[in-house]
Colleague: 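If you scroll down you'll find the structure; I have some questions about it.
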Amino acid sequence: MNVLDTLRGGLVVSCQPLPDEPADPMRDAAVQARVAAAAVLGGAAGIRANAPEDIAAVRAAVDVPVIGLWKDGPGPVVITPTSEHARAVAQAGAHVVAIDATDRPRPEPFAALVAAAHAAGALVLADVSTEEEGQAAADAGADAVATTLSGYTPHTRKTPGPDFGLLERLVARLSVPVIAEGRYRTADDLRRAYAAGAHAVVVGNAITSPLYLTRELARSVPAHADANGVHPR
């Protein structure tokens with residue numbers, strides 16, 4: 001049994017500040033560690049965290065598997081883009097290293113990053129956007145595949161909610177665990193994902209980002225409508 005087995009049928013909570021908001025007050029390793037601890041107290045089976053400092057703080061605060069990544073670089077591949085990033089994530093304490101496995105131009109072949117993570121003692125979760133990318137990642141040695149990047153690549157369409165179609169196709173095709181991630185926000189989303197065969201489900205902003213949640217709700221209040229020249233009926 002490995003750490004992925006302990007995540008089966010569980011909820012993984014992604015504890016990360018908003019990437020597009022440098023002023024997010026949650027951008028602090030100690031804060032993310034407390035958020036992670038609260039999530040575990042609430043029943044999270046695992047935590048997903050970004051960058052070595054946050055990963056190390058989270059790992060020290062919780063006793064569940066940690067999926068680590070490192071968003072860095074100009075893109076288009078920014079989730080753990082190089083072998084150096086993969087090693088650093090593993091050395092920070094991540095049990096599983098999440099790596100962008102899309103077919104976009106990348107600094108190094110995905111297989112090289114898998115080898116680096118495995119050599120550092122971690123498993124690999126391939127973040128993909130298509131069924132073909134998921135198959136290629138599994139063939140390259142990924143221990144699990146996630147639907148994380150559906151809607152975030154030029155060749156995929158961003159749906160308002162989760163991409164259940166991709167989840168179902170990956171589950172039907174792959175022999176490695178498939179993790180549902182990307183715009184999962186409700187209990188119904190989770191139930192549908194598990195019914196489709198998801199190994200686990202990752203939920204992020206809908207649980208851990210006060211900034212995201214407040215922005216979403218604020219769009220519906222009169223003060224926001226007045227500020228934007230729109231008046232509710």
Side-chain angles (χ1 to χ4, degrees), residues 1-7 12-17 19 27-33 35-36 40 44-129 133-149 152-153 174 176-179 181-182 199-200 202 204:
M1 176 178 288
N2 61 36
V3 293
L4 288 171
D5 295 319
T6 69
L7 295 178
V12 177
V13 175
S14 182
C15 300
Q16 302 179 48
R27 196 175 298 281
D28 180 281
V31 169
Q32 292 301 321
V35 172
V40 171
I47 298 294
R48 178 166 166 135
N50 171 44
E53 184 179 3
D54 284 18
I55 293 165
V58 168
R59 176 68 192 271
V62 303
D63 58 359
V64 298
V66 175
I67 300 172
L69 61 142
W70 189 354
K71 293 179 180 175
D72 193 30
V77 170
V78 297
I79 296 177
T80 320
T82 70
S83 296
E84 181 180 353
H85 289 90
R87 282 190 290 270
V89 168
Q91 290 165 0
H95 301 88
V96 182
V97 179
I99 301 172
D100 182 321
T102 63
D103 63 4
R104 296 176 291 182
R106 56 189 312 119
E108 293 180 52
F110 175 73
L113 277 67
V114 172
H118 284 169
L123 301 178
V124 170
L125 173 63
D127 288 341
V128 305
S129 67
E133 290 168 352
Q135 183 66 67
D139 291 345
D143 301 285
V145 169
T147 59
T148 315
L149 293 172
Y152 299 99
T153 59
L174 303 182
V176 300
V178 177
I179 294 178
E181 181 172 6
H199 184 82
V202 179

Colleague: Which atom pair, heavy atoms only, marks the closest approach of V12 to A200?
Modeller: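 Nearest pair, atom of V12 first, then A200: CG2-CB, 4.4 Å.
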Colleague: With the side chain counted from C-beta on, respond yes when V145 and L174 share a heavy-atom pair under 4.5 Å apart, and no when they do not.
Modeller: yes
Colleague: Taking side chain to side chain contact (heavy atoms under 4.5 Å, CB included) as the definition, give me every residue that meets it alongside A142, ordered by chain and number, with sequence neighbours left out.
Modeller: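 With sequence neighbours excluded, A142 shows a side chain to side chain contact (heavy atoms under 4.5 Å, CB included) to F110, V124, A126, A137, given in chain and number order.
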Colleague: Would you say the side-chain atoms of D139 and Q135 include a donor-acceptor pair closer than 3.5 Å?
Modeller: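 There is such a pair between these side chains.
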Colleague: Does any N or O in the side chain of T153 come within less than 3.5 Å of the main-chain N or O of S129, such that one atom is a donor and the other an acceptor?
Modeller: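 Checked: no pair found.
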Colleague: Any idea which heavy atoms bring P76 and D100 closest together, and the distance?
Modeller: O-OD2, 4.5 Å
Colleague: Is N50 close to Q32 at the side-chain level, that is, under 4.5 Å between some pair of heavy atoms?
Modeller: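 With C-beta onward as the side chain, the pair stays apart.
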Colleague: Please confirm whether the backbone N or O of I99 pairs with a side-chain atom of D127, one donor and one acceptor, at under 3.5 Å?
Modeller: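 No: the side chain of D127 does not pair with the backbone of I99.
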Colleague: Check whether any side-chain heavy atom of V89 sits under 4.5 Å from a side-chain heavy atom of I55, and report yes or no.
Modeller: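 The answer is yes, as the side chains (C-beta and beyond) meet within the 4.5 Å cut-off.
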Colleague: For E181, enumerate each residue passing the side-chain hydrogen bond (donor to acceptor under 3.5 Å, both in side chains) test, keeping only those at least two apart in sequence or located in another chain.
Modeller: R48, T148
Colleague: Who pairs with R59 by side chain to side chain contact (heavy atoms under 4.5 Å, CB included), at least two apart in sequence or on another chain?
Modeller: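 Listed in chain order: V66, H95.
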Colleague: Which heavy atom of A33 sits nearest to which heavy atom of A61, and what is that distance?
Modeller: O-CB, 3.8 Å
Colleague: Any donor-acceptor pair under 3.5 Å linking the side chain of H85 with the backbone of L69?
Modeller: no
Colleague: Considering only heavy atoms from C-beta outward, does the side chain of L123 approach that of V97 to under 4.5 Å?
Modeller: no
Colleague: Work out which heavy atom in A98 is nearest to a heavy atom in I79; give both atom names and the distance.
Modeller: O-CG2, 3.7 Å
Colleague: With sequence neighbours left out, write down each residue that passes side chain to side chain contact (heavy atoms under 4.5 Å, CB included) with D5, or none if nothing qualifies.
Modeller: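 With sequence neighbours excluded, D5 shows a side chain to side chain contact (heavy atoms under 4.5 Å, CB included) to M1, N2, R8, given in chain and number order.
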Colleague: My understanding is that only residues two or more places apart in sequence, or in another chain, count here; which of them pass side chain to side chain contact (heavy atoms under 4.5 Å, CB included) with E84?
Modeller: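 In terms of side chain to side chain contact (heavy atoms under 4.5 Å, CB included), with neighbours along the sequence ignored, E84 is linked to T82, R87.
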Colleague: Holding to salt bridge (Lys or Arg N to Asp or Glu O under 4.0 Å), I want the full list of residues that pass it with D54, two or more places apart in sequence or in another chain.
Modeller: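 With sequence neighbours excluded, D54 shows a salt bridge (Lys or Arg N to Asp or Glu O under 4.0 Å) to no residue whatsoever.
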Colleague: To the closest 0.5 Å, what do you measure between CZ (R104) and OH (Y152)?
Modeller: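 The distance works out to 11.5 Å.
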Colleague: Please tell me whether E133 and T102 have a donor and an acceptor in their side chains that are separated by less than 3.5 angstrom.
Modeller: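 On atom types as modelled, these side chains do not qualify, holding no pair under 3.5 Å.
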Colleague: Counting only N and O atoms by type, is there a donor-acceptor contact under 3.5 Å from the side chain of E108 to the main-chain atoms of P81?
Modeller: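 No, E108 side chain to P81 backbone: no donor-acceptor pair under 3.5 Å.
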Colleague: Does L7 reach the side chain of P65, with side-chain heavy atoms less than 4.5 Å apart?
Modeller: yes
Colleague: Looking only at non-hydrogen atoms, find the nearest pair between G73 and V78 and report the distance.
Modeller: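 Of all heavy-atom pairs spanning G73 and V78, the closest is O-CG1, 3.6 Å.
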Colleague: At their closest point, which heavy atom of L4 faces which heavy atom of A144, and how far apart are they?
Modeller: CD1-CB, 3.9 Å
Colleague: Side-chain contact test, heavy atoms from C-beta onward, threshold under 4.5 Å: evaluate it for L125 versus D143 and give yes or no.
Modeller: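 L125 does not reach D143 side chain to side chain.
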